[in-house]
A.B. asks: 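Below is one structure. I have some questions about it.
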Amino acid sequence: MSASGKRLRDEFEACFGGLAAIGRDPAGGWTRLAWTDEDRAARAWFESEAAARGLTVEQDPAGNLWAWWGGPHSSKAAGERLWTAPGTSPVRPLRSPTGGPGAEPGQTGDLGGVVAVGSHLDTVRGGGAYDGALGVVSGLVAVGELARRGVEPRRPVAVVGFADEEGGRFGVPTFGSRLLAGGLDPAAVLDRVDQDGITVAEALAAAGLDPEAVRPDPERLGRLAAFVELHVEQGRGLVDLGQPVGLGAGIWPHGRWRLTLTGEANHAGTTRLEDRRDPMFGLAAAVLAARAAAAELSAVATVGREGVEPNSGNSVAGRVLAWLDARAERDQVLDWLLAAFQAAVEEAAGRNGLAVELDCESRSPAVAFDRDLTDRLDACLRGRGLEPVELPTAAGHDAGALAPTVPTAMLFVRNPTGTSHSPAETADLDDCLAGVEALAAVIEELACR
């Protein structure tokens with residue numbers, strides 16, 4: 001191994017290990033829920049690692065962290081938003097085929113010159129070390145490597161650590177990116193509570209954010225020319241294709257729904273079977289209905305969380321809460337899955353004397369990543385000897401939240417088992433380094449030439 005290769009390996013391992021040390025659960029896996037002590041420690045880690053590479057860190061009004069290489073300064077010339085590096089001529093912004101804030105519908109727009117990379121710092125409960133973290137670490141290491149080589153940015157570059165992508169605490173996924181882009185109304189979620197009864201507003205305040213000041217930032221988005229998110233693959237497509245790095249083609253539509261089944265609490269020993277209104281029967285039907293509908297429609301559906309009241313071993317339950325996660329290749333297929341699920345649950349509820357409510361907590365439409373940007377990444381990586389393939393994903397990402405307003409693309413790093421949201425989630429070190437080098441090449445192509 002060359003001296004530069006060893007240096008990159010050592011830097012990646014040290015940077016990744018620093019974040020992996022935060023939120024390690026003694027029972028297994030990692031838990032860094034939004035606006036907790038573990039989350040605050042991860043954000044402090046981000047600021048420290050950014051400062052070590054000479055980057056300036058700021059927090060946006062949605063709670064996301066931005067580490068700047070080159071600075072976010074812009075100037076206007078001939079009606080275009082340009083950034084001028086000291087001692088250079090103004091750099092024309094990248095072209096956006098989809099337009100941008102202020103562009104007329106259907107017209108091509110000129111966006112500002114900022115190139116952003118990154119991912120999220122939070123995890124699910126008992127999750128893996130790579131989800132989100134790999135993208136943030138790779139962004140920091142890639143920028144540090146470029147600076148060490150003497151490469152200078154001609155456009156500002158930002159490494160972003162997005163807030164609460166997983167939604168593991170309050171059930172609001174991609175909180176920071178959707179709020180930033182105006183896709184989430186803060187007033188609609190500030191009263192949401194976690195499992196301990198703490199509201200989003202209270203959690204934000206405890207973390208030092210003013211809940212009343214949390215808002216979108218269209219001006220910041222207007223300066224973005226491109227956002228590229230590197231992420232560990234959550235599946236095994238790249239394993240089967242024999243490639244260490246791939247490109248994202250798009251994101252399946254997906255969402256989360258809260259199911260409430262209400263019956264009648266009663267004594268487990270003295271209540272006759274024919275007299276029971278047991279919502280657990282409704283829950284059993286819901287789990288089976290989700291699996292059956294998903295199998296029929298080539299989709300995926302999961303009932304992975306539930307709450308039982310009074311949750312007593314010698315009582316018939318009185319109420320059950322359950323959460324459905326459903327994803328499909330097309331929005332219409334997702335609608336069909338929900339209709340089949342609801343019909344089966346209501347039929348079971350009718351047989352068991354239960355009341356049913358099904359409420360949508362979040363839903364994200366299908367996302368197609370920017371074609372021109374993806375093609376540019378493809379050409380860049382092929383020029384470095386890689387043979388990237390394009391893969392769709394059924395996992396939600398911050399890139400998907402930004403895609404309606406910013407040219408967006410994704411890089412995936414091979415996951416040898418395909419396991420994710422689990423302590424068993426992993427990626428080989430050589431593949432991670434291939435991802436860092438790919439991201440560095442992309443940053444150099446988009447921002448330094």
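Not measured: the values here are computed from a predicted model. Index from 1, following the sequence.
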A.B. asks: Side chains of residues 384-394: which donor-acceptor pairs under 3.5 Å do they make with residues two or more places apart or in other chains?
C.D. replies:
unit_1 : atom_1 : unit_2 : atom_2 : d
Glu390 : OE1    : Arg371 : NH1    : 3.4
Glu390 : OE2    : Arg371 : NH2    : 2.5
Thr393 : OG1    : Ala395 : N      : 3.1

A.B. asks: Who passes salt bridge (Lys or Arg N to Asp or Glu O under 4.0 Å) against Arg53, sequence neighbours left out?
C.D. replies: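 Arg53: salt bridge (Lys or Arg N to Asp or Glu O under 4.0 Å) contacts with Glu11, Glu49.
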A.B. asks: Mind checking salt bridge (Lys or Arg N to Asp or Glu O under 4.0 Å) for Arg43 and listing every partner two or more places apart, or none if nothing turns up?
C.D. replies: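 Scan of Arg43 (salt bridge (Lys or Arg N to Asp or Glu O under 4.0 Å), adjacent residues dropped) gives none.
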A.B. asks: Using the test ring-ring contact (aromatic ring centres under 6.0 Å, His included), find all partners of Phe369 that sit at least two apart in sequence or belong to another chain.
C.D. replies: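 With neighbours one apart ignored, the set is empty.
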A.B. asks: List in chain and number order the residues that pass salt bridge (Lys or Arg N to Asp or Glu O under 4.0 Å) with Arg178, two or more places apart in sequence or in another chain; answer none if no residue qualifies.
C.D. replies: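 Testing Arg178 for salt bridge (Lys or Arg N to Asp or Glu O under 4.0 Å), a comparison that skips the adjacent residues, returns none.
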A.B. asks: Show me the side-chain donor-acceptor pairs of residues 293-305 shorter than 3.5 Å, one per line, residues at least two apart or across chains.
C.D. replies:
none

A.B. asks: Please identify each residue that fulfils salt bridge (Lys or Arg N to Asp or Glu O under 4.0 Å) with Arg7, with sequence neighbours left out.
C.D. replies: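 Arg7: salt bridge (Lys or Arg N to Asp or Glu O under 4.0 Å) contacts with Glu145.
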A.B. asks: Can you list the residues that meet the ring-ring contact (aromatic ring centres under 6.0 Å, His included) rule with Phe46, with sequence neighbours excluded?
C.D. replies: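 In terms of ring-ring contact (aromatic ring centres under 6.0 Å, His included), with neighbours along the sequence ignored, Phe46 is linked to no residue.
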A.B. asks: Using the ring pair (Phe, Tyr, Trp, His ring centres under 6.0 Å) rule, collect all pairs that involve residues 380-416, keeping only residues at least two apart or in two chains.
C.D. replies: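 Sorted result for residues 380-416: His231-His397.
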A.B. asks: Applying ring-ring contact (aromatic ring centres under 6.0 Å, His included), name anything that partners Trp45, two or more places apart in sequence or on another chain.
C.D. replies: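 Scan of Trp45 (ring-ring contact (aromatic ring centres under 6.0 Å, His included), adjacent residues dropped) gives none.
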A.B. asks: So which pairs with a foot in residues 135-171 pass ring pair (Phe, Tyr, Trp, His ring centres under 6.0 Å), sequence neighbours left out?
C.D. replies: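 Listed once each, the pairs are Phe162-Phe227.
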A.B. asks: For His254, what residues pass the ring-ring contact (aromatic ring centres under 6.0 Å, His included) criterion, not counting sequence neighbours?
C.D. replies: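 His254 satisfies ring-ring contact (aromatic ring centres under 6.0 Å, His included) with no other residue.
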